[in-house]
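Working notes for the structure below.
It should be emphasised that the depicted structure is a prediction, and the values quoted were computed from it without experimental measurement.
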Amino acid sequence: MSRLLIECTYVFHHPEMNSGIQRVVRNIINRLPAVQDEAVCVPVIFKQGKILEVTQLAPSHSDEWRSRVQKKLEKVAQKLVQVRNRYWLIHSRVLPLWPWKASHNVKRVTYVLCRLVSFSFMLPLYLTEKILVRIDVQPRAFEMACRADDILLLLDSSWHADFFPVAEKLQRQGVSIVSVIYDLIPLTHPQFCDGPLVQVFDRWFEWIANTADGFIAISSTIRDQVHSEVERRLGSEQASSRWFDFFHLGSQLDQVDTGKTVRPAVQKLFTSGLSVYLMVSTIEPRKNHAYLLDAFERLWEDGSDVVLCFIGRIGWKNERLIERVKKHPELKRRLHMFNDLGDIELEYAYGQAKSLVFPSFVEGFGLPLVEAMQRGLPAMASDIPVFREIGGDFISYFDLDQPESLGRLVAQYESSGVFPASQKMQDWSWLGWEDSARQLVQRVLQQVNQKKHAQQKHVADGHDETENCTE
């Protein structure tokens with residue numbers, strides 16, 4: 001039986017992260033024991049040119065000394081990251097001003113000086129992260145040997161990784177390489193991403209397009225995009241030698257700690273007697289929070305008491321939006337924002353809200369939609385293909401060019417009490433994370449085995465033709 005080596009390097013080293021990809025990786029890895037009947041599934045990470053088998057994804061708290069040191073270093077690292085982000089934000093705001101705007105030389109000298117000053121916090125951050133890696137990796141992962149029939153599944157976010165030479169070496173030894181693709185947003189919508197990410201992602205996709213034996217996306221929408229992009233880069237003939245498939249994500253919140261409580265401010269919001277509409281996501285331009293503010297401001301002007309609540313950590317390119325929220329006259333009245341909710345509080349919010357509102361310009365999947373609807377919370381969303389794939393007629397769609405279209409849906413729902421979708425929420429169902437993990441494993445194995453069978457048949461046919469020619 002083939003072994004499926006499932007890569008989880010980033011989540012292994014950053015267990016505190018809980019955004020979309022990290023949530024997917026953690027849930028798939030944690031469900032592997034339940035799908036071992038499909039294949040021998042082995043979580044792995046890369047470190048210093050080697051592949052290591054993971055015996056425990058999250059750090060254990062049994063070693064009190066190690067746990068205390070780790071927590072202190074993580075706090076130090078978080079503070080240094082905040083300093084770094086604030087430092088370069090100030091730098092970016094200064095550059096458009098005089099004299100930097102007027103003189104390229106002044107701008108260049110300032111940049112060099114800023115880079116030199118940045119070593120005062122970048123070096124401590126580098127050393128802190130190095131120490132954290134050494135503390136984490138030794139008791140939880142151990143070096144392993146690969147076999148020629150292994151399948152390496154790159155599940156984690158690997159575009160910033162440095163293990164490409166190792167993966168290429170494994171491939172030369174006969175290991176199949178399969179890449180999970182979450183989206184192609186840095187390629188298709190670079191305006192929503194930081195410039196360095198666009199460049200890094202483009203280089204990564206060029207490598208993965210030329211290296212991977214197959215691709216498995218998190219939706220059929222993204223699978224088709226990946227197929228087109230690989231074909232564009234490699235040509236039809238080379239693209240036809242790869243395989244393309246997809247699987248769907250699960251919906252459970254895996255970090256709900258029943259020992260923790262919901263903070264009073266969150267409880268107060270949902271016991272006010274007003275209808276609360278949630279937006280759950282990282283706050284970044286692609287998620288289109290400004291559209292929601294536009295739509296709800298019109299509702300408030302018309303006298304509506306509906307509440308808009310943003311839930312999610314603050315991301316990038318959002319300074320104007322954050323300033324708009326913090327200075328908004330409705331803040332903490334009919335507008336709320338929480339940037340650090342735990343899963344138990346998010347679970348509570350899903351259970352108490354009136355609807356999810358999700359106006360993204362582009363998505364690879366839209367995990368909050370599934371999380372909300374699986375809990376019986378209806379969803380209003382932008383009319384994009386991947387949301388149609390997930391929600392079908394159970395979602396109520398609005399026009400991104402017209403904020404008033406969302407306002408009409410909210411007003412209709414408030415006045416009638418009937419959610420404005422053609423299918424009823426109670427008839428909707430979705431797979432859980434165990435089903436998602438099983439679907440991923442099954443489809444990867446099926447595609448790899450089909451490709452091997454086709455290659456063997458091609459070799460056999462070629463051998464038969466050679467024999468016929470010599471007779």
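Scanning all heavy atoms of the two residues, the minimum distance from Phe387 to Ser360 falls at CZ-CB, 4.2 Å. The heavy-atom pair separating Ile222 from Asp183 by the smallest distance is CG2-CA, 4.0 Å. In this structure, Val266 and Tyr348 approach most closely via the heavy-atom pair CG1-CD2, 4.0 Å. Closest of all the heavy-atom pairs between Leu369 and Ala381 is CD2-CB, 4.2 Å. Closest of all the heavy-atom pairs between Ser422 and Asp393 is OG-CB, 3.1 Å. Minimum heavy-atom separation, Val180 to Phe247: CG1-CE2, 4.2 Å.
The shortest side-chain heavy-atom distance between His189 and Gln191 falls under the 4.5 Å cut-off. Inter-residue side-chain proximity for Leu4 and Val441 is flagged as met; some heavy-atom pair is nearer than 4.5 Å. By the 4.5 Å heavy-atom criterion applied to side chains, Ile218 and His248 are not counted as neighbours. For the pair Phe244 and Asp224, the minimum side-chain heavy-atom distance is 4.5 Å or more. A 4.5 Å side-chain heavy-atom check between Asp213 and Lys451 finds at least one atom pair inside the cut-off.
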Apply the test side chain to side chain contact (heavy atoms under 4.5 Å, CB included) to residues Trp204 and Phe164: give CA-CA distance (whole Å), side-chain angles for both, the deciding distance (0.1 Å), then the verdict.
CA-CA 9 Å; Trp204 168 79; Phe164 301 151; 3.5 Å; yes
Could you give me the CA-CA distance, side-chain angles and deciding distance for Lys47 and Glu143, then say whether salt bridge (charged side-chain N to carboxylate O under 4.0 Å, His left out) is met?
CA-CA 9 Å; Lys47 182 176 182 289; Glu143 188 174 351; over 6 Å; no
CA sep, side-chain torsions, deciding dist, call: Leu52, Phe142, side chain to side chain contact (heavy atoms under 4.5 Å, CB included)
CA-CA 5 Å; Leu52 284 70; Phe142 302 90; 5.9 Å; no
Where do Phe215 and Arg223 land on the side chain to side chain contact (heavy atoms under 4.5 Å, CB included) test, with the steps shown first?
CA-CA 8 Å; Phe215 303 85; Arg223 175 202 59 191; over 6 Å; no
Take Leu152 and Asp150 through the test side chain to side chain contact (heavy atoms under 4.5 Å, CB included) and record every step on the way to the result.
CA-CA 6 Å; Leu152 174 61; Asp150 285 339; over 6 Å; no
Report the C-alpha distance between Arg313 and Asp340 in whole Å, list the side-chain angles of each, state the deciding distance to 0.1 Å, and finish with yes or no for salt bridge (charged side-chain N to carboxylate O under 4.0 Å, His left out).
CA-CA 6 Å; Arg313 67 180 179 86; Asp340 59 348; over 6 Å; no
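For the pair Arg140 and Phe12, the cation sits on the ring face: its NZ or CZ lies under 6.0 Å from the ring centre, inside 45° of the axis. At least one cation-pi condition fails for Arg233 and Phe205: the charged atom is not both under 6.0 angstrom from the six-membered ring centre and inside a 45 degree cone around its axis.
Of the possible donor and acceptor atoms, none in the side chain of Ser436 sits under 3.5 Å from a partner among the backbone N and O of Gly432. Side chain of Gln36 to backbone of Cys41: a donor-acceptor contact under 3.5 angstrom is found. Between the Gln402 side chain and the Glu404 main chain, no donor and acceptor come within less than 3.5 Å of each other. At least one donor-acceptor pair closer than 3.5 Å links the side chain of Arg375 to the backbone N or O of Glu371. Within the 3.5 Å criterion, the main-chain N or O of Pro403 finds no donor-acceptor partner in the side chain of Asp294. Not a single donor-acceptor pair under 3.5 Å links the side chain of Tyr413 to the backbone N or O of Arg408. Side chain of Glu389 to backbone of Ser220: a donor-acceptor contact under 3.5 angstrom is found. Put simply, the side chain of Ser118 gets close to the backbone of Arg115: a donor and an acceptor are under 3.5 Å apart. Tyr182 contributes a side-chain N or O that, together with a main-chain N or O of Leu155, makes up a donor-acceptor pair within less than 3.5 Å. Using modelled atom types, one side-chain atom of Arg286 and one backbone atom of Val362 make a donor-acceptor pair closer than 3.5 Å.
To the nearest 0.5 angstrom, Arg242 atom CZ is 5.5 Å from Leu234 atom CG. Separation of atoms NZ (Lys354) and CE (Met380) is listed at 8.0 Å; rounding is to 0.5 Å. Here the OG-CD distance, from Ser382 to Glu363, works out to 7.5 Å after rounding to the nearest 0.5 Å. Note that CD of Glu129 is 9.0 Å distant from CG of Leu80, once rounded to the nearest 0.5 Å. Here the CZ-CH2 distance, from Phe192 to Trp316, works out to 12.5 Å after rounding to the nearest 0.5 Å. Rounded to the nearest 0.5 angstrom, Ile216 CD1 and Gln439 CD are separated by 7.5 Å.
Evaluated for a side-chain hydrogen bond (donor to acceptor under 3.5 Å, both in side chains) with Glu229, the options His227, Gln225, Arg232 yield exactly one hit, Arg232. If you run side chain to side chain contact (heavy atoms under 4.5 Å, CB included) between Leu321 and each of Ile283, Asn288, Ile314, only Ile283 comes through.
Other residues, nucleotides and ligands place no more than 12 heavy atoms under 6.0 Å from the CD atom of Glu237. Within 6.0 Å of CG in Asn210 there are more than 12 heavy atoms belonging to other residues, nucleotides or ligands. Atom NZ of Lys424 has 12 or fewer heavy atoms from other residues, nucleotides or ligands within 6.0 Å. Within 6.0 Å of atom NZ in Lys75, 12 or fewer heavy atoms from other residues, nucleotides or ligands are found, so the atom counts as exposed in its surroundings.
Between His289 and Phe310, the ring-plane angle classifies as perpendicular under the 30° and 60° cut-offs. Aromatic ring orientation, Tyr291 versus Phe398: parallel (interplanar angle below 30°, classes split at 30° and 60°).
Side-chain contact of Gln447 with Asp245: a donor-acceptor pair under 3.5 Å is present, judged by distance alone. A donor-acceptor contact closer than 3.5 angstrom links the side chains of Arg31 and Asn27. Between the side chains of Glu168 and Trp207, at least one donor N or O sits under 3.5 Å from an acceptor N or O. Between Glu7 and Ser158, the side chains place no donor N or O within less than 3.5 Å of an acceptor N or O (distance only, hydrogens not considered).
Under the rule for a ring-ring contact (aromatic ring centres under 6.0 Å, His included), the partners of Tyr277 that lie at least two apart in sequence or sit in another chain are Phe296.
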